[in-house]
Participant: 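Questions regarding the structure given below will be posed in turn.
The structure presented is a predicted model; accordingly, all values stated were derived computationally and were not measured.
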Amino acid sequence: MSLATAPLLRHYVDGAFVATDRQFDNLSPVDGRLVAKVCEADAATVDRAVSAARRALHDGPWGKTTPAERAAVLHRIADGIQARFDEFVAAEVADTGRPEEQARTLDIARGIANFRMFADLIKTAGSEVYEMRAADGGDVMNYVTRKPLGVIGIISPWNLPLLLFTWKVAPALAMGNCVVAKPSEETPSSATLLAEVMDAAGVPPGVFNLVHGFGPNSAGEFLTKHPDVSAITFTGESRTGSAIMKAVADGVKEISFELGGKNAAVVFADADFDKAVDGVVRSSFTNAGQVCLCSERVYVERPIFDRFVAALAERAAALRIDAPDAEGVQMGPLVSRKHREKVLSYYQLAVEEGATVVTGGGVPTFGDARDEGAFVQPTVWTGLPDTARCVREEIFGPVCHVAPFDSEDEVIRRVNDSDYGLAGCVWTTNLSRAHRVARQFQTGLVWVNTWFLRDLRTPFGGVKLSGLGREGGRHSLDFYSEITNICIKL
């Protein structure tokens, strides 16, 4: 698929690529050029995809495959991504504008790793067996079986398109389910490439289906409300997660949500100063702050506060903002001009709320086509109270607010005073403090002296408005399977 010719991105339903009459534009966030025309699924297309998935599960060979056979398919998919690595990089960069190096080392590499990890895991995941004695003295054995959950509706976000798309597709297929997946309308290209890889890898028709479109009154709503979808897994905004929960409530469907975050980083005075600055630069500005795990709230112990703010601002101001293929580029644009409007509205709101803009707060100018893109400046604020909207609401841009604190109890209370609870960071050289503070965070994940370091076997997810359920390793296998206990009186 050549992105240079602005192709038509079609749906993939029942083993074939199909077009629909209604289409929309996929525009580059770098310079506003047309990347692709994208077909929008209507209700009939989504219904055909769901029906194809049900047939493949119940009447086709997929429902009878062994874990080893499914693992072999997943490895072929991973091989297919690897063989077209540069095409996936080009697709990801065209949709998101992120630096090419990041797409190579993180996004595409993780997409491959997701398939390989779950392929290996299902071959080694054993069953639970429990022995007991009945009241009459007879022996009893209980064992647990896992069966496919059914047709899985997958809705993935635009910020890490292939990474988060495959994070859901791989375990769903590993457990023998069939899927109907909808990528974000902002980033449809790598998912369409993946459909081509699925086709070439010999995935049976109907096992993997791809539909493009939007949320309300489009593919997303048609999928979540479809009566034959067994479960929905969604990553995205908390408000959208709430709407999906309401849509599936009558059917009492399984759901897994990884939603927004207003994550905190806590820097103690005994931290390795340079490493802490480096870490907060990464956790605040990676992918232009468009990662649900980014640190938008930074709390620094008062003795090093002024020095830390100065160092952080210097590093933020020095970040190279440019097109994805520019030499030395460190930060690309936001995903769209629409999203830039949202982020810039918070830049303005922060000033109205009384923030001190230490650095950034505006839009860079280039004097060429890049001015038609969605670039913003990395921004550091101080001086806001914890009640300010800019400290409480998720912005999802390259920005953080830095505030001083004086004690452990104080900072823990302030970290937890949030509607969100996805992730947090603690920077300290005191091992006892690290354990003591980390376990008191009301979040699903805490990093100590690092950020964005993930073992794919560990549980991932949030609390409060940040999500419901856990993904990763066996936790994903649990969600994507129907678990049955079989009790045998011997």
Side-chain angles (χ1 to χ4, degrees), residues 53-54 56-78 110 112-154 166-179 203-204 207-208 228-233 248 251-258 439 444-446 454-463 467-490:
R54 281 180 60 82
L57 181 64
H58 298 295
D59 302 327
W62 189 250
K64 301 178 179 63
T65 55
T66 66
E69 290 169 338
R70 294 195 297 273
V73 173
L74 264 62
H75 275 298
R76 289 202 301 272
I77 295 168
R110 259 290 297 276
I112 295 170
N114 286 337
F115 280 106
R116 296 210 189 281
M117 189 274 290
F118 284 110
D120 293 338
L121 183 61
I122 58 171
K123 291 190 296 184
T124 58
S127 179
E128 301 172 62
V129 179
Y130 305 98
E131 297 180 0
M132 59 179 287
R133 185 149 293 165
D136 63 4
D139 291 330
V140 180
M141 181 176 69
N142 292 272
Y143 65 94
V144 174
T145 64
R146 284 187 169 90
K147 299 182 290 291
L149 194 56
V151 177
I152 310 296
I154 294 174
T166 57
W167 180 239
K168 298 176 182 298
V169 171
L173 297 183
M175 292 310 301
N177 300 282
C178 295
V179 305
V203 176
V207 172
F208 173 83
D228 292 331
V229 171
S230 306
I232 296 289
T233 175
V248 304
V252 196
K253 296 178 182 179
E254 297 277 356
I255 52 174
S256 175
F257 290 160
E258 195 269 282
R439 68 189 301 170
L445 175 64
V446 182
R454 288 273 294 121
D455 185 317
L456 301 185
R457 299 167 295 182
T458 59
F460 179 84
V463 301
L468 184 67
R470 294 293 182 270
E471 296 179 276
R474 289 177 179 265
H475 305 276
S476 288
L477 301 190
D478 286 343
F479 173 73
Y480 291 108
S481 59
E482 193 69 68
I483 300 174
T484 301
N485 180 73
I486 298 176
C487 178
I488 298 178
K489 179 77 179 294
L490 302 176

Participant: Looking only at heavy atoms, which two atoms of R70 and T65 are closest? And how far apart?
Facilitator: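 Looking at all heavy atoms of both residues, the shortest contact is NH1-O, 2.8 Å.
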
Participant: How far apart are the closest heavy atoms of G473 and F118, and which atoms are they?
Facilitator: O-CE2, 3.7 Å

Participant: Please identify each residue that fulfils side chain to side chain donor-acceptor pair (under 3.5 Å) with E128, with sequence neighbours left out.
Facilitator: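 Side chain to side chain donor-acceptor pair (under 3.5 Å) check on E128 returns Y130.
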
Participant: Could you work out, with salt bridge (Lys or Arg N to Asp or Glu O under 4.0 Å) as the rule, every residue matching R133, not counting sequence neighbours?
Facilitator: D139

Participant: Kindly give the heavy-atom pair with the smallest separation between A71 and I122, and that separation in Å.
Facilitator: N-CD1, 3.8 Å

Participant: Can you give the donor-acceptor pairs under 3.5 Å from side chains of residues 167-177 to other protein atoms, not counting sequence neighbours?
Facilitator:
{"unit_1": "K168", "atom_1": "NZ", "unit_2": "T233", "atom_2": "OG1", "d": "2.8"}
{"unit_1": "K168", "atom_1": "NZ", "unit_2": "T235", "atom_2": "OG1", "d": "3.0"}
{"unit_1": "K168", "atom_1": "NZ", "unit_2": "E471", "atom_2": "OE1", "d": "3.4"}
{"unit_1": "K168", "atom_1": "NZ", "unit_2": "E471", "atom_2": "OE2", "d": "3.4"}
{"unit_1": "N177", "atom_1": "OD1", "unit_2": "L149", "atom_2": "N", "d": "2.6"}
{"unit_1": "N177", "atom_1": "OD1", "unit_2": "G150", "atom_2": "N", "d": "2.9"}
{"unit_1": "N177", "atom_1": "ND2", "unit_2": "A172", "atom_2": "O", "d": "3.0"}
{"unit_1": "N177", "atom_1": "ND2", "unit_2": "Y480", "atom_2": "O", "d": "2.7"}

Participant: I'd like to check the side chain to side chain donor-acceptor pair (under 3.5 Å) partners of T458; sequence neighbours left out, ordered by chain and number.
Facilitator: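 T458: side chain to side chain donor-acceptor pair (under 3.5 Å) contacts with R454.
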
Participant: In chain order, what residues pass the salt bridge (Lys or Arg N to Asp or Glu O under 4.0 Å) check against K64, with sequence neighbours excluded?
Facilitator: none

Participant: From I483 CD1 over to D478 CG, what is the distance, rounded to the nearest 0.5 angstrom?
Facilitator: 4.0 Å

Participant: Are any non-hydrogen side-chain atoms of S127 and T145 less than 4.5 angstrom apart?
Facilitator: no

Participant: For H75, check side chain to side chain donor-acceptor pair (under 3.5 Å) against everything at least two apart and list the hits.
Facilitator: R116, D120

Participant: Taking the side chain as everything from C-beta on, heavy atoms only, tell me whether F208 gets closer than 4.5 Å to I77.
Facilitator: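 With C-beta onward as the side chain, the pair stays apart.
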
Participant: Using a 3.5 Å distance criterion without hydrogens, assess whether the side chain of R146 forms a donor-acceptor pair with backbone atoms of T484.
Facilitator: no

Participant: Indicate the atoms forming the closest heavy-atom contact of R474 with G126, along with that distance.
Facilitator: NH2-N, 3.7 Å

Participant: To the nearest 0.5 Å, what is the distance between CZ (R470) and OG (S476)?
Facilitator: 11.5 Å

Participant: For the residue pair V207 and A56, what are the closest heavy atoms and their distance?
Facilitator: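 Between these two residues, the closest heavy atoms are N-CB, 3.8 Å.
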
Participant: Do side-chain atoms of K489 reach the backbone of G138 as a donor and acceptor pair under 3.5 angstrom?
Facilitator: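 No, K489 side chain to G138 backbone: no donor-acceptor pair under 3.5 Å.
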
Participant: Is the side chain of S230 donor-acceptor paired with the backbone N or O of V151 at a distance under 3.5 Å, no angle test?
Facilitator: yes

Participant: Could you tell me which non-hydrogen atom of V229 sits nearest to which non-hydrogen atom of G153, and how far apart they are?
Facilitator: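 Here V229 and G153 meet closest at CG1-N, 3.7 Å.
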
